[in-house]
Amino acid sequence: MCGRYASSVRDAEVVDLLDVDEVVGEELPPSWNVAPTDDVRVVLERPQRDDDGVGAAAAPARQLRTARWGLVPSWSKDLSTGARMINARSETLTERSAFRVAAARRRCLVPADGYYEWQAVPGQRRKTPWFLRDGDGALLTFAGVYELWRDRSRDDDDPGRWVWSVAVVTTAAHDALGEIHDRTPLVVPPGARADWLSTTTTELEEVRELVASLPEPHLVPHVVGPEVGDVRQDGPHLVEPRARDDGEQDSVAGTGGPA
DNA sequence: CCAGACGTTGTT
DNA sequence: GTCTGG
DNA sequence: CCAGACGTTGTT
DNA sequence: GTCTGG
């Protein structure tokens with residue numbers, strides 16, 4: 001699944017790699033310990049306002065902006081609903097009332113260096129944290145769906161009355177990846193990013209096909225230190241490979257996964 | 001009809 | 001808002 | 001996801 | 001055990 005990840009990539013690089021047209025809001029500090037309810041940067045496409053209502057609609061603007069991790073449905077009474085909606089299963093994405101509309105009309109990409117998994121080892125008290133990233137160290141983009149929630153406790157002219165929030169789509173993990181965990185974020189490869197963001201793909205059936213068409217990512221896992229469990233800890237040291245007690249490095253290249 | 005949920009993961 | 005359960 | 005709290009009354 | 005906060 002995806003309950004913690006790292007995103008240290010700067011806005012400028014996201015703009016460059018993902019062909020962003022418009023940067024909205026302030027850049028966030030890099031984080032190697034992004035946790036639920038944290039603000040994160042996301043990339044999405046918004047249809048351009050057609051001011052005179054006459055001409056053909058302009059191409060959608062691809063934006064980089066901030067959203068809170070944990071999707072807050074529009075009908076929520078308060079923000080706390082979002083804390084339970086950090087992930088959306090790809091298998092039921094187009095069915096669940098909390099995600100269905102967002103799946104059709106509000107898909108986004110979540111840029112990440114990689115993500116963490118905690119592996120339960122039989123007989124071991126503490127779970128083992130792993131960090132998984134692209135084999136070439138390339139930027140990952142998780143499939144996301146976002147929502148806008150109106151905070152009724154704020155004035156109409158308060159810019160903070162609209163809260164943008166996001167859920168990371170998850171899918172089944174197979175093979176080596178599945179040995180660490182049976183769920184994994186849905187990773188959108190470079191060639192599928194435009195389709196995932198497309199504002200003209202609004203039919204649920206199309207979205208289902210799109211999800212099904214995404215290939216399994218080739219990720220490389222390695223064991224990291226336990227410090228990442230504490231959300232107050234941060235820094236690049238969190239993703240550093242941690243040697244095992246026997247000195248052997250607990251990392252498998254290429255196919256990935258523990259022995 | 002109204003009331004209440006609306007989500008995922010992991011663990012046993 | 002919309003679906004499910006009663 | 002993990003870590004940490006989990007409660008009320010009455011008060012210096 | 002279960003919920004909340006981050």
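Proteins get letters first, then strands, A, B, ... in listed order; numbering begins at 1 in each. Remember, it's a predicted structure, so these values are computed and weren't measured experimentally.
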Undergrad: Rounded to the nearest Å, what distance is computed from the CD atom of residue A/Glu95 to the C1' atom of nucleotide B/dG7?
TA: 14 Å

Undergrad: Nearest-Å distance, CG (A/Leu204) to P (C/dT2)?
TA: 13 Å

Undergrad: Nucleotides 1-6 of chain B: which of its N/O atoms have a protein N/O under 3.5 Å away?
TA:
| unit_1 | atom_1 | unit_2 | atom_2 | d |
| --- | --- | --- | --- | --- |
| B/dC6 | O2 | A/Ser97 | OG | 3.4 |

Undergrad: Please state the C1' separation for the pair B/dG4 and E/dG6 - nearest whole angstrom.
TA: 28 Å

Undergrad: Is the A/Phe142 to A/Trp196 ring centre distance short of 6.0 Å?
TA: no

Undergrad: Contact class for A/Arg126 vs. all strands (heavy atom < 4.0 Å): base, sugar-phosphate, or nothing?
TA: sugar-phosphate

Undergrad: Could you measure the distance from the CZ atom of A/Arg133 to the OH atom of A/Tyr115? Nearest 0.5 Å is fine.
TA: 13.0 Å

Undergrad: Residues sharing A/Leu204's hydrophobic cluster, by side-chain heavy-atom contacts under 4.5 Å among ILVMFWY, directly or via others?
TA: none

Undergrad: Measure CG/A/Leu79 against C1'/B/dG7 and give the value in whole Å, please.
TA: 17 Å

Undergrad: When rounded to the nearest Å, what value does the distance between P atoms of E/dG1 and D/dT9 take?
TA: 29 Å

Undergrad: When rounded to the nearest 0.5 angstrom, what distance separates CG in A/Leu197 from CG in A/Leu44?
TA: 7.5 Å

Undergrad: With sequence neighbours left out, write down each residue that passes salt bridge (charged side-chain N to carboxylate O under 4.0 Å, His left out) with A/Glu209, or none if nothing qualifies.
TA: none

Undergrad: Can a salt bridge be assigned to the pair A/Arg154 and A/Asp151 using a cut-off of 4.0 Å between side-chain N and carboxylate O?
TA: yes

Undergrad: Could you give the distance separating B/dT12 and D/dC1 at their P atoms, to the nearest angstrom?
TA: 14 Å

Undergrad: Enter the distance from A/Arg193:CZ to A/Ser198:OG here, rounded to the nearest 0.5 Å.
TA: 16.0 Å

Undergrad: Do the side chains of A/Ser7 and A/Val40 get nearer than 4.5 Å, heavy atoms only?
TA: no

Undergrad: Mark yes when over 12 heavy atoms from residues, nucleotides or ligands other than A/Arg105 sit less than 6.0 Å from its CZ; otherwise mark no.
TA: no

Undergrad: Identify whether the distance between the nearest side-chain nitrogen and carboxylate oxygen of A/Glu147 and A/Arg106 falls below 4.0 Å.
TA: yes

Undergrad: Hey, are A/Glu27 and A/Arg10 close enough for a salt bridge, meaning a charged N less than 4.0 Å from a carboxylate O?
TA: yes

Undergrad: Which pairs, protein N/O on one side and nucleotides 4-6 of chain E N/O on the other, fall under 3.5 Å?
TA:
| unit_1 | atom_1 | unit_2 | atom_2 | d |
| --- | --- | --- | --- | --- |
| E/dG6 | N7 | A/Pro36 | O | 3.4 |
| E/dG6 | N7 | A/Thr37 | OG1 | 3.3 |
| E/dG6 | N2 | A/Arg4 | NH2 | 3.3 |

Undergrad: Can you give the dot-bracket line for DNA chain D, where a pair is Watson-Crick or G-U wobble with both atom distances under 3.5 Å, crossing pairs use [ ], and | marks a partner on another strand?
TA: ||||||......

Undergrad: So what does A/Thr81 touch, heavy atoms closer than 4.0 Å: a base, only the sugar-phosphate, or nothing?
TA: nothing

Undergrad: Need one value for A/Tyr5: base, sugar-phosphate or nothing, where a base atom within 4.0 Å counts as base even if backbone is also close, heavy atoms only.
TA: nothing

Undergrad: Using the P atom as the reference point in each nucleotide, state the distance between B/dT11 and D/dC2 in Å, no decimals.
TA: 8 Å

Undergrad: At under 4.0 Å, does any side-chain N or O of A/Thr170 touch on OP1 or OP2 of B/dT9?
TA: yes

Undergrad: With sugar-phosphate meaning primed atoms plus P, OP1 and OP2, does A/Ala167 contact a base, only sugar-phosphate, or nothing at under 4.0 Å between heavy atoms?
TA: nothing

Undergrad: For D/dG10 and B/dA3, measure between their C1' atoms and round to the nearest Å.
TA: 39 Å

Undergrad: Under 4.5 Å side-chain heavy-atom separation, chaining through any Ile, Leu, Val, Met, Phe, Trp or Tyr, what else clusters with A/Leu79? Say none if it is isolated.
TA: A/Val72, A/Trp149, A/Val163

